[in-house]
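Any value given below was found using the heavy atoms of this structure, including those in side chains, with hydrogens, waters and symmetry copies removed. For clarity, every value in this text was computed on a predicted model and none was experimentally measured.
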Amino acid sequence: MNPKTDSQRMDKIVSLCKRRGFIFQSSEIYGGLNGAWDYGPIGVELKRNLKNYWWRVIVHEREDVVGMDGAILTHPEVLKASGHVEGFSDPMIDCRVCKARLRADQIINNKGEKQCPVCGGKDLTEPRAFNLMFKTRVGPVDPRSSGTAIFPVSPQGATGPAGPSQPTHPSTMTAGTPIMPASGPVVSADDETAIAYLRPETAQSIFVQFKNMLDVSRKKLPFGIAQIGKAFRNEINPRNFIFRSREFEQMELEYFCRAEEGMQWLDYWKEERLKFYENIGIPRAKLHARKVPDEERAFYSKGTYDIEYDFPFGRQELEGVAYRTDYDLSQHQKASGKSLEYFDEETKQRFVPHVVEPSAGVDRTVLALICEAYSEDEAPDEKGKMETRVVLRFHPRVAPIKCAVFPLLKNKELLVAKAKEIVDLLRPHMFVFYDEAGAIGRRYRRQDEIGTPFCVTVDFETLGEKNPALRQTVTLRDRDSMQQERVAISELVNILTSRVR
Ligand code: GAP
């Protein structure tokens with residue numbers, strides 16, 4: 001691999017992403033917010049298509065998985081029980097020379113001597129644990145007053161932080177009972193009971209809602225609970241564009257099973273997830289299922305695979321598939337005092353289920369899709385001269401725009417009217433884009449650059465002016481081969497829906 005070429009490729013991708021409306025730096029006009037990104041009109045479609053496809057294959061096409069959507073603000077007791085408050089940290093080192101804050105694994109080891117990767121300085125602090133969670137305060141906070149707790153007392157009165165003026169038990173609360181009265185007392189800024197966290201993973205709300213989800217879905221083991229949503233980590237060094245951010249999205253499945261089946265389900269889900277990536281256009285040759293060695297694995301995991309992809313900046317993790325045993329449910333059962341057991345009707349046994357967790361990053365997969373799709377080839381310009389064509393070869397099922405529709409000329413009323421009719425015909429079935437500006441070759445190039453797999457052009461043949469047999473037909477152009485076929489307008493919906501699903 002030539003690192004120079006690859007960093008050039010990455011630069012081109014980042015610049016294309018901004019220029020064509022995939023991804024912008026967040027708060028850009030104020031200098032940017034490090035580790036946060038905004039998706040533009042094309043990027044948001046790509047991201048949505050990815051999430052929708054994941055939801056389709058993980059939830060809709062299976063009998064054994066249900067979905068949920070949990071809150072981002074998380075009760076501190078949840079994250080204490082899960083181990084995040086105590087242990088969700090990266091070792092951080094400061095360079096005393098250039099003041100850079102670094103993750104310990106970024107420090108250069110130069111023949112046994114530690115060096116700052118930014119300035120080469122050797123005056124470094126000892127590593128110290130830096131907790132990656134974003135802490136916030138819930139309710140109005142007044143730094144001058146002492147206030148009132150915002151969390152209701154837990155039924156046992158023991159585990160949760162107490163609040164004297166709050167409803168104390170769910171059974172005493174009615175639908176209208178406010179947790180925090182609108183005109184209630186303010187919370188003092190140093191009041192620990194006002195703390196909540198932005199969730200560092202979506203998984204914990206699944207574990208915490210296990211009992212409710214089991215009761216309402218009436219599923220039998222093995223079954224899964226799926227969730228897509230934001231997660232937040234105060235990464236020491238966000239980097240590689242959207243690869244490592246402070247705000248990102250996850251697609252997580254917690255698949256509950258019996259202890260004796262855990263290892264089998266781990267292998268099953270590793271294979272399913274590899275297939276998923278292949279089905280969105282990432283070739284198997286660029287995917288790697290790395291078996292995480294014992295010494296790297298979380299202490300509660302009996303087996304973990306990292307699914308990695310060959311990014312232009314190196315081989316990096318897209319998703320973790322982990323057999324987490326019964327650790328999470330057991331921890332929450334202990335800390336909350338609520339049973340999270342499963343009752344097996346057949347054997348009349350009660351037990352805490354084990355779980356296998358495929359946990360994927362939305363943004364990392366978006367980046368992998370763009371990196372994989374990016375290519376340059378040669379195509380003729382209007383005068384037939386060959387020029388470089390930038391094309392994103394997205395799989396049609398994730399492509400942001402499925403089909404662009406053009407009238408050959410914008411000043412011919414009949415062509416324009418027919419093209420708009422076709423847009424109306426296709427719109428209920430897929431996201432389409434109408435464009436009449438510029439030469440037809442330019443319009444094709446603009447669509448190639450954002451990965452639109454099909455373009456439909458309405459020309460004089462469509463109107464039947466030269467050959468009545470071609471009336472009501474259009475050209476359908478394929479992005480990758482640039483070949484055009486003549487198809488009947490009445491066939492378009494069928495042809496295109498079968499190719500983009
Ligand atoms: N519930 C398990 C869990 O969160 P993880 O390996 O920490 O496991 C799962 O995260 C996935 O979330 C990763 O494989 C990655 O795709 C994504 N992810 C984690 N941290 C990220 C970050 N800072 N920026 C973007 N994506 C991230």
May I ask you to decide whether [X] forms a salt bridge with [Y], counting only side-chain N to carboxylate O separations under 4.0 Å?
{"X": "Glu449", "Y": "Arg19", "result": "yes"}
{"X": "Glu387", "Y": "Arg445", "result": "yes"}
{"X": "Asp448", "Y": "Arg477", "result": "yes"}
{"X": "Glu272", "Y": "Lys275", "result": "yes"}
{"X": "Arg389", "Y": "Asp377", "result": "yes"}
{"X": "Arg486", "Y": "Asp459", "result": "yes"}
{"X": "Glu249", "Y": "Lys51", "result": "yes"}
{"X": "Lys420", "Y": "Asp424", "result": "no"}

Taking the side chain from [X] and the backbone from [Y], do they hold a donor-acceptor pair closer than 3.5 Å?
{"X": "Arg56", "Y": "His60", "answer": "no"}
{"X": "Thr457", "Y": "Leu408", "answer": "no"}
{"X": "Asn234", "Y": "Leu132", "answer": "no"}
{"X": "Thr325", "Y": "Tyr300", "answer": "yes"}

*Should Gln115 and Ile107 count as side-chain neighbours, where that means a heavy-atom distance under 4.5 Å?*
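Result no, sub-4.5 Å side-chain heavy-atom pair not found.
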
More than 12 heavy atoms of other groups within 6.0 Å of [X] [atom1]:
{"X": "Lys230", "atom1": "NZ", "value": "yes"}
{"X": "Glu376", "atom1": "CD", "value": "yes"}
{"X": "Glu63", "atom1": "CD", "value": "no"}
{"X": "Arg499", "atom1": "CZ", "value": "yes"}

*To the nearest 0.5 Å, tell me how far Met68 CE sits from Met213 CE.*
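Met68 CE to Met213 CE: 6.0 Å, rounded to 0.5 Å.
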
_Near-ring test Phe24/Trp37, centroid separation under 6.0 angstrom_ =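 No - the distance between ring centres of Trp37 and Phe24 does not fall below the 6.0 Å cut-off.
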
*For the rings on Phe241 and Phe313, is their centre-to-centre separation under 6.0 Å?*
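Not close enough - the centres of the two rings lie 6.0 Å or further apart.
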
*asked:* Test side chain to side chain contact (heavy atoms under 4.5 Å, CB included) on Leu16 and Ile450; report intermediate values, then the result.
replied: CA-CA 9 Å; Leu16 176 75; Ile450 55 171; over 6 Å; no

*Please lay out, stage by stage, how Asp6 and Arg9 fare under the test salt bridge (charged side-chain N to carboxylate O under 4.0 Å, His left out).*
CA-CA 5 Å; Asp6 287 333; Arg9 181 179 168 82; 5.5 Å; no

